**Q** 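Next up is a structure, given as structure tokens.
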2 protein chains.
Amino acid sequence: MDLIRTQGRRITRQRRLVLETLRDSQEHLDAYALFERVKVRDSKISLATVYRSLALLKESGLVQENRLGEDHGHFEATQATPHYHFTCLGCGCVIEFEAPQVMEVVATLCSGQALQVTGVNLHLSGYCADCHAPGQDGGCG
Amino acid sequence: MDLIRTQGRRITRQRRLVLETLRDSQEHLDAYALFERVKVRDSKISLATVYRSLALLKESGLVQENRLGEDHGHFEATQATPHYHFTCLGCGCVIEFEAPQVMEVVATLCSGQALQVTGVNLHLSGYCADCHAPGQDGGCG
DNA sequence: AGTTTTATTGCGAATAATACTCATTATCAA
DNA sequence: TTGATAATGAGTATTATTCGCAATAAAACT
Ligand SMILES: [Mn+2]
Ligand SMILES: [Mn+2]
Ligand SMILES: [Zn+2]
Ligand SMILES: [Zn+2]
């Protein structure tokens, strides 16, 4: 968190609160849901500040934004190991998974096409085990 | 295109035009850019119809929507082989690439966690060969 | 501890992408 | 050709996110 204090940026109660709240909840909250949770501890905080804090925390790498197929972002505190997401179109649950193959793809592109990759986003959607009818035709064998 | 005519849906001049325009341009157009191109051939078409047509064509699998890190979608006619996207944060160019490893990941999740995957979206961002300074620290070795 | 500097906040208003309403038009089955 | 109704165009509404600005507070300085 202290690495924010570069370039004259300040550590504020609001920014600390946004990060803590995100870390405490092991979920993938959207900006408004996070706002509601943060408001419990700071009833005066504004939604704009939540957005601004998230943008800053993202810049510093402490927070990740995930696009999970909806028209708004979902946020989570950065984990130790990179992971990706599956969302169920039935119940809306989010399942995290690791996939080292993705980094192999990235490595191939780096050497093959001289691309410098700074962001990786893999999002799968479909139906979780609870939601898909066993007879239904799905996306895998 | 004819498979649209199921469930009482109709093939209209506008829908045909949206699909054709998308097929002709081998680009990743957003809804508004597509609207402008379509308007050349049908000056009366409305933006709402472009959105509605895209939604329908997506449903029928003829069109893919890609989220490329911006706050709006980009569309392309469905290709023979699935592919993924890299966007350059410098110049904005979009580079397509194939990556069979992604489907291995999907297969693993299908058998391992009984997930039914219907949508796959992999998006990389960073700097293309023209844009990254050779000395800069990037995301690969 | 008090003062100064200026980054940050809260609030409301502004934007931008996309969806909706509804009267009119056009597709298509009969 | 006609009738039933799906789709369109135009405008409006909605939603996520950003912006402008006066008031506030974090950090640097005394
Ligand atoms: Mn996660
Ligand atoms: Mn493409
Ligand atoms: Zn589910
Ligand atoms: Zn570039």
Side-chain angles (χ1 to χ4, degrees), chain A residues 1-22 28-60 62-75 92, chain B residues 1-22 28-60 62-75 92:
Chain A
M1 181 104 206
D2 291 319
L3 77 150
I4 282 179
R5 218 180 321 237
T6 51
Q7 294 129 4
R9 326 204 83 156
R10 296 171 183 179
I11 295 179
T12 65
R13 176 172 39 83
Q14 291 88 338
R15 288 172 180 176
R16 225 186 312 257
L17 205 47
V18 165
L19 182 57
E20 275 177 23
T21 306
L22 217 38
H28 300 85
L29 301 173
D30 60 37
Y32 194 83
L34 179 59
F35 168 59
E36 286 183 313
R37 296 216 184 173
V38 160
K39 221 172 16 177
V40 171
R41 291 214 260 160
D42 177 354
S43 63
K44 295 291 160 45
I45 199 171
S46 83
L47 181 56
T49 295
V50 171
Y51 273 106
R52 285 182 291 224
S53 299
L54 285 171
L56 184 78
L57 292 165
K58 247 169 48 178
E59 267 183 58
S60 65
L62 293 166
V63 162
Q64 304 291 134
E65 174 171 7
N66 302 304
R67 288 280 156 174
L68 303 177
E70 296 186 84
D71 62 347
H72 56 266
H74 290 252
F75 301 84
Chain B
M1 181 103 207
D2 292 319
L3 77 150
I4 282 180
R5 221 182 319 238
T6 50
Q7 296 130 4
R9 326 206 81 158
R10 295 168 182 181
I11 294 179
T12 65
R13 177 173 39 82
Q14 290 89 339
R15 288 172 181 176
R16 224 187 312 258
L17 204 48
V18 165
L19 181 57
E20 274 178 22
T21 306
L22 218 37
H28 301 85
L29 301 173
D30 61 36
Y32 194 83
L34 180 58
F35 169 60
E36 286 185 312
R37 295 216 185 174
V38 160
K39 221 172 15 178
V40 172
R41 291 215 260 161
D42 177 354
S43 62
K44 295 292 161 45
I45 200 171
S46 83
L47 181 56
T49 295
V50 171
Y51 273 107
R52 284 183 291 225
S53 299
L54 285 171
L56 185 79
L57 292 166
K58 245 167 52 176
E59 268 182 56
S60 64
L62 293 165
V63 161
Q64 305 291 135
E65 174 170 6
N66 302 303
R67 287 280 155 174
L68 303 177
E70 296 186 84
D71 62 346
H72 57 266
H74 289 252
F75 301 85

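All values derive from a computational prediction rather than experimental measurement. In the text below, chain A, chain B and the rest are named by the order of the sequence lines, each starting its count at 1.
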**Q** Are any non-hydrogen side-chain atoms of L54(B) and L22(B) less than 4.5 angstrom apart?
**A** yes
**Q** Take I45(B) and A31(A), find for each the nucleotide of DNA chain D with the closest heavy atom, and name the residue whose nucleotide sits nearer the 5' end.
**A** I45(B)
**Q** Could you tell me whether the phosphate oxygens of dG10(C), OP1 or OP2, come under 4.0 Å of any side-chain nitrogen or oxygen in T49(A)?
**A** yes
**Q** Just checking R16(B): base, sugar-phosphate only, or nothing, at a heavy-atom cut-off of under 4.0 Å?
**A** nothing
**Q** What nucleotide among dA16(D), dT18(C), dG12(C) has an atom nearest to a side-chain atom of D71(A)?
**A** dA16(D)
**Q** Give a yes or no on whether the backbone of R10(A) and the side-chain of R15(A) come within a donor-acceptor separation of less than 3.5 Å.
**A** yes
**Q** Has Y51(B) got a side-chain N or O lying under 4.0 Å from the OP1 or OP2 atom of dT18(C)?
**A** yes
**Q** Would you find a donor on one side and an acceptor on the other, under 3.5 Å apart, between the side chain of H28(A) and the backbone of H74(A)?
**A** no
**Q** Between L47(A) (CG) and dT15(D) (P), how many Å, whole number?
**A** 14 Å
**Q** Ignoring backbone atoms, test whether R5(A) places a side-chain nitrogen or oxygen under 4.0 Å from the OP1 or OP2 oxygen of dA27(D).
**A** yes
**Q** I want to verify a distance call: between dC19(D), dA16(D), dA17(C), whose nearest atom is closest to the H72(B) side chain?
**A** dA17(C)
**Q** What's R52(B) touching, base or sugar-phosphate or nothing? Going by heavy atoms closer than 4.0 Å.
**A** base
**Q** Is the shortest side-chain N/O distance from Q14(B) to OP1 or OP2 of dG9(D) below 4.0 Å?
**A** yes
**Q** Would L57(A) and I4(A) count as a side chain to side chain contact (heavy atoms under 4.5 Å, CB included) if you check the C-alpha gap in whole Å, the side-chain angles of each, and the deciding distance to 0.1 Å?
**A** CA-CA 8 Å; L57(A) 292 165; I4(A) 282 179; 3.9 Å; yes
**Q** Please state how far atom CD in E70(B) lies from atom C1' in dT18(C), giving the value in whole angstrom units.
**A** 16 Å
**Q** Between D42(B) (CG) and dT8(D) (C1'), how many Å, whole number?
**A** 10 Å
**Q** What about R10(B): does its side chain form a donor-acceptor pair under 3.5 Å with the base of dT5(D)?
**A** yes
**Q** Would you mind telling me which of V50(B), V40(B), V38(B) makes a side-chain contact (heavy atoms from CB on, under 4.5 Å) with T21(B)?
**A** V38(B)
**Q** Provide, to the nearest angstrom, the distance between the CG atom belonging to L34(A) and the P atom belonging to dA16(D).
**A** 14 Å
**Q** What nucleotide among dT18(C), dT8(C), dT17(D) has an atom nearest to a side-chain atom of R67(A)?
**A** dT17(D)
**Q** Which listed nucleotide (dT9(C), dT18(C), dC28(C)) is nearest to the side chain of S53(A)?
**A** dT9(C)
**Q** Please give, in whole Å, the distance from dA26(D) C1' to R9(A) CZ?
**A** 14 Å
**Q** Could you give the CZ-to-C1' distance, from F35(A) to dT17(D), as a whole number of Å?
**A** 14 Å
**Q** Quick one: E59(B) CD to dA19(C) P, roughly how many Å, whole number?
**A** 12 Å
**Q** Rounded to whole Å, how long is the line connecting atom CD of E65(A) with atom P of dA16(D)?
**A** 13 Å
**Q** OP1 or OP2 of dT9(C) less than 4.0 angstrom from a side-chain nitrogen or oxygen of T12(A), does that happen here?
**A** yes
